[in-house]
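Structure first, commentary second.
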Amino acid sequence: MNEQEDIQEELPESNLPADEGHRTTPLRGMYENWFLDYASYVILERAVPEVNDGLKPVQRRILHAMNNLDDGRFNKVANIIGHTMQYHPHGDTSIGDALVQLGQKELVIDMQGNWGNTLTGDRAAAPRYIEARLSRFAKEVVFNPKTTAWKSSYDGRNKEPVTLPVKFPLLLAQGVEGIAVGLASKILPHNFVELIDASIKILQGKNFDLVPDFLTGGLADFSRYNEGLRGGKVRIRARIKQVDKKTLAITEIPFSTTTTTLIDSIVSANDKGKIRIKKIDDNTAENVEILIHLANNVSPDQTIDALYAFTSCEVSISPNCCVIFENKPQFISVKEILRQNTDHTVFLLKRELEIRLTELGNLWHNASLEKIFIENRIYLAIEDCETWECVLTTIDKGLEPFKKLLRRDVAEEDLVRLTEIKIKRISKYNAFKAEEQIKAVEAEMEEVSNHLNNLIDYTINYFRQIKKKYGKGKERKTEIRNFDNISATAVAVANQKLYVNRSEGFAGTSLKKDEYVTDCSDIDDIIVFREDGSLIVTKVSAKIFVGKGILHINVFKKNDDRTTYNMVYRDGKRGNYYVKRFAVKGITRDKAYQLTKGTTGSKIIYFTANPNGEGEIIRVNLRPKPKLKKTSLDFDFSQLAIKGRSVQGNILTKHSVRSIVQREEGISTLGARDIWYDETVRRLNTDERGVYLGAFKGDDKILTVLDSGEFKLTGFDLSTHFDDNMIHISKLDPKKVLTAIYFDGEIERYYVKRFQIPGDIPTNKKFLFVSSSKGSRMEAFSLDYLPQLEIEVKSKKNNELEFEVIPMTDFIGLKTFRAKGKRLTNKTLKKLRFVDPLPYDPEDTTESQTETAEAEEVPSGREQPPEPETKKETPAAKEKSKTPEESKDKTEPGGDDEIQMELEF
């Protein structure tokens, strides 16, 4: 007997009369019978979608009501809600909200009026002001009363579908979210076209991949999607572009956010000092446009990373694929859902074909009977019949000789149907036309039978037709990326100031009367070195005790292999003096580490922190003592290898040291920094991931070429962001020549130009090197020293195709990137491509210097760097100074002067 029953037995008996029917029910029974029934109802009838049609009950009832109302015209949403309440036993608000959400998915419902805005979060207008109807796609794919299973509605007055016969993976296309009792379902939406392609691959027995796609666009990392099962994770980012050095533009937002919530999160991050911005302009209408104006001296690249780290510009979503499958909730992957939907589509198509074949069989049977009945004048034999039985018997006897031509037996209803043929129809009966109709039915029956025999091919063709009819405009909107993890401490704005009280051993942001150390953020860590040879890393706070005898304190950067520490320490009170050079990369917070050998009385005598691995020279002054000939010595830290913090170091001297002074400042002993570019995440790294760009140091720059006919120089900071339309990236070599072929949209001719990219132009600015006229585009480019271009042109004489390989260095000399260039050909150009370049020897090959007489410059609204001053020459001097090749170019058709003349004309 359990505790519940013990309590029940101790209850006093009721004084109520027995005729009032009072009885006591144990709580245990109430829970088992009532609560579980309620939980089951919520799961099956409210929150979780059915796997086959992908709909919750309220959505299914809405579509069923709309189908009953459908006449091709829009209906008031209020009217639709009212009709849906015949099937849905809940309030109009829940139906209206579900209808709006269904319409905003832009797949099965056509909308008219103000249906709200998923980008801004604006709500839809009242149901009496907006209208809806079923889309053409829904009419074709979702409904078929012949293959629909029906059940009684909640009050028994109407019939509603058990599930709709959806011949498409609607569940994955729309996505769904619902919270039931004890479980929840969150299925992300997927791309319409990709779902069809994946279904076709399933039918063909091929492997496929499937990841979500969102109407809001953005960028997404699906590396941990886990096929939509529990434990998976999707990271989604807004698309942020740099307009200029002081302005960022958000053009796409993450799924599940709105421009309002996004702006609120940015403002909140700015108020907390995580980022620094001046103002935000929200210009969102049909498309998202949020302009973020940055404060002075703020890095756009760092701000972009900070927006991802501290605001809703990056969100994480955990999918949870829970569906009703075989009349119970099950957790299955999106791939399994798609396989089930595809198999169900095959089943429904087969069922439709079988029904159609049966209908055609009946149509053929009836048409054949009618033809026999009329052509053989069997109807004349029933004139003498006086009873109904006699009529049917006479017709049956008349058909007897022809029954062997039929495909099934003649039933009584067939005989009755023959008696219902009107005299007018018999008199106008056309035997030839009837024969043609029978042949058409036979042809269709043969076609349907062929479809049944080749059901998989028929289903594949069905999916392709759906894609062809409705796939336009449903291309992928969310770009698939792999994201790097952004360190919050690396991108946070330094919104605090760090102070230290060395005498008392305190550090923090509130000690404003003490010694200033550096700017920091409130999520930074600080590193502290003390005289006793100990090291500690702790989090920034208002005031914290870090120990007395502070030698050095600064913001700690995890995994920083560039900052090195040079140190001389004494082992114990009278031990040897050691010298060491080390870096501090990873460390446990609030744990004290010993940098000495750990002997009692050890002390750091000399210490420096060097952000770029500098190695100075020090003068060590020794205490005089008998027989000590040299009382000083020099030591060069640059000759000492950089090791870990735990090494004991090398013995500097065994004699007592009086003082140590720095004799010469050090220079960096670290080599150039090797940089790689990872195309997957579109970021630079030093971890050897992706394409090796080279070793960078000092003022080295990175060259990027964009498909818009622009180039841009950037630094090699690892936080640098690159344009989405970038087609080339490499380390800038000012000696290299870029050869570009472009089409001028105004003149409608192809041009070629060759130029070097100077290293002294501003970074992070785009420079246009093709024509700015409408319709202009870059066709091809090369960074080879001696490139060759193969062109395919149509001859003007006989219209035959001609091939020609042109060495670019012979065709045109070096110019600046602002020059118009030289016309490639006067003939009709069909194809062009760069082929293998000519052999190049840097020592033997020389190139003429950039011509001072440039061709016409490209009119461009972009900011251009200032041109260096050139010496002015007279026209005669210019002509005299030209090389023979240049003089030849001048007189040839397509030369630069001809271009100038055409433009003037």
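Given the structure is predicted, the values throughout are model-derived calculations rather than measurements. Sequential numbering from 1 along the given sequence is applied to the chain's residues. The figures that follow rest on heavy atoms only: side chains count, while hydrogens, waters and symmetry mates do not.
Remark: Lys245 pairs with no residue by the salt bridge (Lys or Arg N to Asp or Glu O under 4.0 Å) rule, at least two apart or across chains. Partners of Tyr577 according to the ring pair (Phe, Tyr, Trp, His ring centres under 6.0 Å) rule, which considers only residues two or more places apart in sequence or in another chain, do not exist here. Under the side-chain hydrogen bond (donor to acceptor under 3.5 Å, both in side chains) criterion, Thr518 pairs with no residue, sequence neighbours left out. Remark: Arg230 engages no residue in a side-chain hydrogen bond (donor to acceptor under 3.5 Å, both in side chains) (not counting sequence neighbours). Legend: residues meeting ring pair (Phe, Tyr, Trp, His ring centres under 6.0 Å) with Phe483, ordered by chain and number and at least two apart, are absent. Shown here are the ring pair (Phe, Tyr, Trp, His ring centres under 6.0 Å) partners of Phe722, two or more places apart in sequence or in another chain: Tyr677. Remark: Thr478 pairs with Asp213 by the side-chain hydrogen bond (donor to acceptor under 3.5 Å, both in side chains) rule, at least two apart or across chains. With sequence neighbours left out, Asp674 forms a side-chain hydrogen bond (donor to acceptor under 3.5 Å, both in side chains) with Tyr692. Looking at residues two or more places apart in sequence or on another chain, you find a salt bridge (Lys or Arg N to Asp or Glu O under 4.0 Å) between Glu679 and Arg682. The ring pair (Phe, Tyr, Trp, His ring centres under 6.0 Å) check on His721 picks up nothing, with sequence neighbours excluded.
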List, one per line, each side-chain donor-acceptor pair under 3.5 Å for residues 542-554, sequence neighbours excluded.
none

Taking only distance into account, with no hydrogens and no angle test, what donor-acceptor pairs under 3.5 Å do side-chain atoms of residues 647-657 form with protein atoms, sequence neighbours excluded?
from: Thr653; atom 1: OG1; to: His655; atom 2: N; distance (Å): 3.1
from: His655; atom 1: ND1; to: Lys625; atom 2: NZ; distance (Å): 3.2
from: Ser656; atom 1: OG; to: Arg623; atom 2: NE; distance (Å): 3.3

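Across all their heavy atoms, Val243 and Ala249 have their closest contact at CG2-CB, 3.6 Å. Scanning all heavy atoms of the two residues, the minimum distance from Asn566 to Gly615 falls at ND2-CA, 4.1 Å. Between Asp700 and Ala695 the shortest heavy-atom distance is OD2-O, 3.7 Å. Contact detail for Ile642 and Ala583: the closest heavy-atom pair is CG2-N, 4.2 Å. Among all heavy-atom pairs drawn from Gly231 and Asn226, the shortest one is C-ND2, 4.4 Å.
Between Tyr225 and Pro319, some side-chain heavy-atom pair lies under the 4.5 Å cut-off. At a threshold of 4.5 Å between non-hydrogen side-chain atoms, the residues Ile526 and Cys520 do not count as touching. Using a 4.5 Å heavy-atom cutoff, the side chains of Lys274 and Asp522 are in contact. Put simply, the side chain of Ile523 does not reach to within 4.5 Å of the side chain of Val540, judged on heavy atoms. In this structure, the side chains of Cys313 and Ile240 come closer than 4.5 Å at one or more pairs of heavy atoms.
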Open item on the list: Under the criterion side chain to side chain contact (heavy atoms under 4.5 Å, CB included), I'd like the reasoning laid out for Lys497 against Tyr516: C-alpha separation, chi angles, the key distance, then a yes or no.
Closed with: CA-CA 7 Å; Lys497 295 184 182 298; Tyr516 167 76; 3.9 Å; yes
TODO: Check the pair Tyr499, Lys512 against side chain to side chain contact (heavy atoms under 4.5 Å, CB included), reporting the backbone distance first and the verdict last.
DONE: CA-CA 7 Å; Tyr499 302 91; Lys512 297 184 179 181; 3.8 Å; yes
- [ ] Give the intermediate values and the outcome of salt bridge (charged side-chain N to carboxylate O under 4.0 Å, His left out) for residues Asp525 and Lys557.
- [x] CA-CA 8 Å; Asp525 291 324; Lys557 298 178 181 179; over 6 Å; no
Open item on the list: Walk me through whether Phe222 and Arg235 qualify under side chain to side chain contact (heavy atoms under 4.5 Å, CB included).
Closed with: CA-CA 7 Å; Phe222 301 110; Arg235 296 168 61 193; over 6 Å; no
- [ ] Output, in order, the C-alpha distance, side-chain angles, deciding distance and verdict of side chain to side chain contact (heavy atoms under 4.5 Å, CB included) for Ile266 and Ile292.
- [x] CA-CA 9 Å; Ile266 295 173; Ile292 303 174; 3.9 Å; yes
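Distance alone, capped at 3.5 Å, is enough to place a donor-acceptor pair between the Arg570 side chain and the Gly572 backbone. Proximity of a side-chain donor or acceptor of Thr563 to a complementary backbone N or O of Asp560 within less than 3.5 Å is not detected. With hydrogens and angles ignored, the 3.5 Å screen pairs a side-chain donor or acceptor of Tyr593 with a backbone N or O of Thr588. In this structure a side-chain-to-backbone donor-acceptor pair under 3.5 Å is missing from Asn501 to Gly505. A donor-acceptor contact shorter than 3.5 Å links the side chain of Thr311 to the backbone of Leu307. Without hydrogens or angle criteria, Lys580 side chain to Leu595 main chain gives a donor-acceptor distance under 3.5 Å.
Note on Asp244 versus Lys246: no salt bridge recorded, every NZ/NE/NH1/NH2 to OD/OE distance being 4.0 Å or above. In this structure, Asp723 pairs ionically with Lys712, as a charged nitrogen and a carboxylate oxygen lie closer than 4.0 Å. The pair Arg239-Asp724 meets the salt-bridge criterion, with a side-chain N (NZ, NE, NH1 or NH2) lying under 4.0 Å from an Asp/Glu carboxylate O. Ion pair Arg683/Asp678 not flagged as a salt bridge, since none of the NZ, NE, NH1 or NH2 atoms sits closer than 4.0 Å to an Asp/Glu carboxylate oxygen. Note on Asp221 versus Arg481: no salt bridge recorded, every NZ/NE/NH1/NH2 to OD/OE distance being 4.0 Å or above.
Taking the six-membered ring wherever Trp is involved, the centroid distance between the rings of Phe781 and Phe834 does not fall below 6.0 Å.
In this structure, Lys731 forms a cation-pi arrangement with Phe696, its terminal cationic atom sitting closer than 6.0 Å to the ring centre and no more than 45° off the ring axis. Relative to the ring axis of Phe582, Lys643 does not place its NZ or CZ within 45° and under 6.0 Å from the centre. Within the cation-pi definition used here (under 6.0 Å to the ring centroid, within 45° of the axis), Arg581 does not qualify as a partner of Phe637.
Counted by atom type alone, Asp524 and Ser521 present one or more donor-acceptor pairs between their side chains at under 3.5 Å. No side-chain donor-acceptor contact under 3.5 Å links Asn621 and Ser632. Of the N and O atoms on the side chains of Asn764 and Thr714, not one donor lies less than 3.5 Å from an acceptor on the other residue. Thr599 and Asp571 form a side-chain donor-acceptor contact under 3.5 Å, judged by distance and modelled atom types alone. No side-chain N or O of Ser299 forms a donor-acceptor pair with one of Asp301 less than 3.5 Å apart.
Between Thr608 and the options Glu614, Gln662, Glu616, a side-chain hydrogen bond (donor to acceptor under 3.5 Å, both in side chains) holds for only Glu616. Of the listed residues (Leu291, Ile304, Ile280), just one forms a side-chain contact (heavy atoms from CB on, under 4.5 Å) with Leu248, and that residue is Ile304.
Within 6.0 Å of NZ in Lys279 there are 12 or fewer heavy atoms belonging to other residues, nucleotides or ligands. Around the CG atom of Asn559, the shell of radius 6.0 Å holds more than 12 heavy atoms that belong to other residues, nucleotides or ligands. The environment of CZ in Arg224 is sparse: at most 12 heavy-atom neighbours from other residues, nucleotides or ligands sit within 6.0 Å. Heavy atoms from other residues, nucleotides or ligands lying under 6.0 Å from CG of Asp687 number more than 12.
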